[in-house]
Enquirer: 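Before I ask anything, here is the structure I am working with.
All values reported here derive from a predicted model rather than from experimental measurement. Quick note: numbers below take in every heavy atom, side chains included, and nothing from hydrogens, waters or symmetry partners.
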Amino acid sequence: MIFTHDTEHALATVVDLVNTAPAAGGEEGLPDLAALRELLERNETSDVSGLAERDLEVVRGLRDRFHAVFLAADDPPAAVALVNEVVGGVRTTPHLTDHDGYHWHMHYFEPGAPLGEHLAADCGMALAFVVAAGELDRLRTCEAPDCGRVLVDLSRNRCRRYCDSRTCGNRMHVAAYRARRRDAQAPA
């Protein structure tokens with residue numbers, strides 16, 4: 001484990017959120033409150049009360065700001081400015097918690113905070129930890145030519161290239177295999 005459990009969990013939430021953008025998958029992955037609820041459930045986001053249309057708007061805006069951090073991963077000063085803007089725009093209230101069967105871990109949002117503040121604080125701090133650890137190169141965009149999804153490479157040797165090994169990874173490996181076969185069969 002490179003980062004603490006709560007940081008890695010928040011990074012997974014950031015990736016899932018960013019990958020709902022039309023730029024990532026071609027269509028809006030958060031078209032309504034039901035899709036937002038599904039995203040929150042899928043990521044086991046705790047301490048979320050009733051959702052409103054305003055929450056959906058705020059989360060979509062936050063999604064774009066998180067995506068900008070991935071796009072700035074090769075420019076640390078720009079990434080720092082973006083992360084500072086996200087976490088500086090909300091009240092962070094660090095506190096220890098041990099909910100849902102997880103051992104003690106940190107939350108950075110005030111209990112009962114609106115969803116946008118909750119995600120900005122927890123996910124923004126996770127991105128801040130990536131920057132502070134000098135690990136910005138772990139924030140990547142999928143290398144498949146027709147994919148705009150993002151990923152966090154938490155592998156030990158930093159070898160992850162595709163957002164999903166079953167889709168983009170398989171597709172690219174099959175294409176490379178077919179190209180090698182074609183080249184091998186070509187007359188000299």
Side-chain angles (χ1 to χ4, degrees), residues 3-73 75 77-102 105-132 136 138-142 147-152 163-164:
F3 300 104
T4 61
H5 160 77
D6 47 320
T7 298
E8 289 188 8
H9 182 265
L11 290 171
T13 301
V14 169
V15 166
D16 197 13
L17 176 59
V18 170
N19 288 338
T20 66
E27 60 185 50
E28 176 59 66
L30 287 178
D32 52 29
L33 287 175
L36 178 58
R37 274 189 208 91
E38 183 180 314
L39 175 103
L40 298 172
E41 288 171 12
R42 187 170 56 242
N43 289 285
E44 299 176 352
T45 307
S46 62
D47 198 23
V48 176
S49 54
L51 297 175
E53 285 297 321
R54 176 74 182 132
D55 293 311
L56 184 59
E57 293 171 33
V58 170
V59 169
R60 284 180 184 155
L62 192 56
R63 170 183 71 186
D64 295 340
R65 295 168 76 191
F66 288 153
H67 191 206
V69 175
F70 280 80
L71 298 176
D75 183 0
V80 166
L82 291 164
V83 170
N84 281 341
E85 182 182 306
V86 169
V87 295
V90 295
R91 290 173 298 164
T92 55
T93 309
H95 63 279
L96 286 164
T97 183
D98 67 344
H99 64 87
D100 297 335
Y102 291 108
H105 60 280
M106 294 296 295
H107 280 193
Y108 295 93
F109 59 91
E110 181 176 340
L115 179 61
E117 285 185 28
H118 175 144
L119 293 176
D122 263 10
C123 296
M125 288 302 298
L127 290 169
F129 291 136
V130 170
V131 173
L136 265 173
R138 292 186 181 276
L139 304 181
R140 300 187 180 155
T141 300
C142 181
C147 184
R149 295 170 60 91
V150 299
L151 61 112
V152 177
C163 62
D164 185 349

Enquirer: Give me the atom names and distance for the closest heavy-atom approach of Met106 to Pro94.
Expert: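 For Met106 and Pro94, the tightest heavy-atom pair comes out as CE-CB, 3.5 Å.
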
Enquirer: Can you measure from CG (Leu51) to CZ (Arg37) and round to the nearest 0.5 angstrom?
Expert: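 It is 5.5 Å, given to the nearest 0.5 Å.
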
Enquirer: Within the structure provided, determine whether Val14 and Val150 are in side-chain contact (heavy-atom separation under 4.5 Å).
Expert: no

Enquirer: Main chain of Thr97, side chain of His105: is a donor-acceptor contact present, judged purely on distance under 3.5 Å?
Expert: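 Checking the backbone N and O of Thr97 against the side chain of His105, a donor-acceptor pair under 3.5 Å is found.
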
Enquirer: Can you tell me if Glu38 has over 12 outside heavy atoms packed within less than 6.0 Å of its CD?
Expert: no

Enquirer: Roughly how far, to the nearest 0.5 Å, is CG of Leu39 from OG1 of Thr45?
Expert: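 Separation between the atoms: 6.5 Å.
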
Enquirer: Is a donor from one side chain sitting under 3.5 angstrom from an acceptor on the other, for Thr20 and Arg63?
Expert: yes

Enquirer: In Å and rounded to the nearest 0.5 Å, what is the CZ to CG distance from Arg140 to Leu71?
Expert: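 Reported to 0.5 Å precision, the distance equals 14.5 Å.
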
Enquirer: If you round to the nearest 0.5 Å, how far is CG of Leu151 from CG of Leu139?
Expert: 9.0 Å

Enquirer: Do any N or O atoms from the side chain of Asp6 and from the backbone of His107 form a donor-acceptor pair under 3.5 angstrom?
Expert: no

Enquirer: Are any of the side-chain heavy atoms of Phe66 and Val15 separated by less than 4.5 Å?
Expert: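 Contact flag for Phe66/Val15 side chains = no.
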
Enquirer: Check side chain to side chain donor-acceptor pair (under 3.5 Å) between Arg138 and all other residues, then give those that pass, not counting sequence neighbours.
Expert: Glu135

Enquirer: What is the minimum heavy-atom distance between Cys123 and Ala10, and which atoms define it?
Expert: SG-O, 3.8 Å

Enquirer: Roughly how far, to the nearest 0.5 Å, is CG of Leu127 from CG of Leu82?
Expert: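 With rounding to 0.5 Å, CG (Leu82) is 10.0 Å from CG (Leu127).
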
Enquirer: Kindly list each side-chain donor-acceptor pair under 3.5 angstrom involving residues 111-122, sequence neighbours excluded, with atom names and distances?
Expert:
| from | atom 1 | to | atom 2 | distance (Å) |
| --- | --- | --- | --- | --- |
| Glu117 | OE1 | Arg91 | NH2 | 3.3 |
| Asp122 | OD1 | Tyr108 | N | 2.7 |

Enquirer: In Å, rounded to the nearest 0.5 Å, how long is the span from OG1 of Thr141 to CG of Asn19?
Expert: 9.0 Å

Enquirer: Taking the side chain from Glu110 and the backbone from Thr93, do they hold a donor-acceptor pair closer than 3.5 Å?
Expert: no

Enquirer: Taking the side chain from Asp16 and the backbone from Ala12, do they hold a donor-acceptor pair closer than 3.5 Å?
Expert: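 Not confirmed, Asp16 side chain does not pair with Ala12 backbone.
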
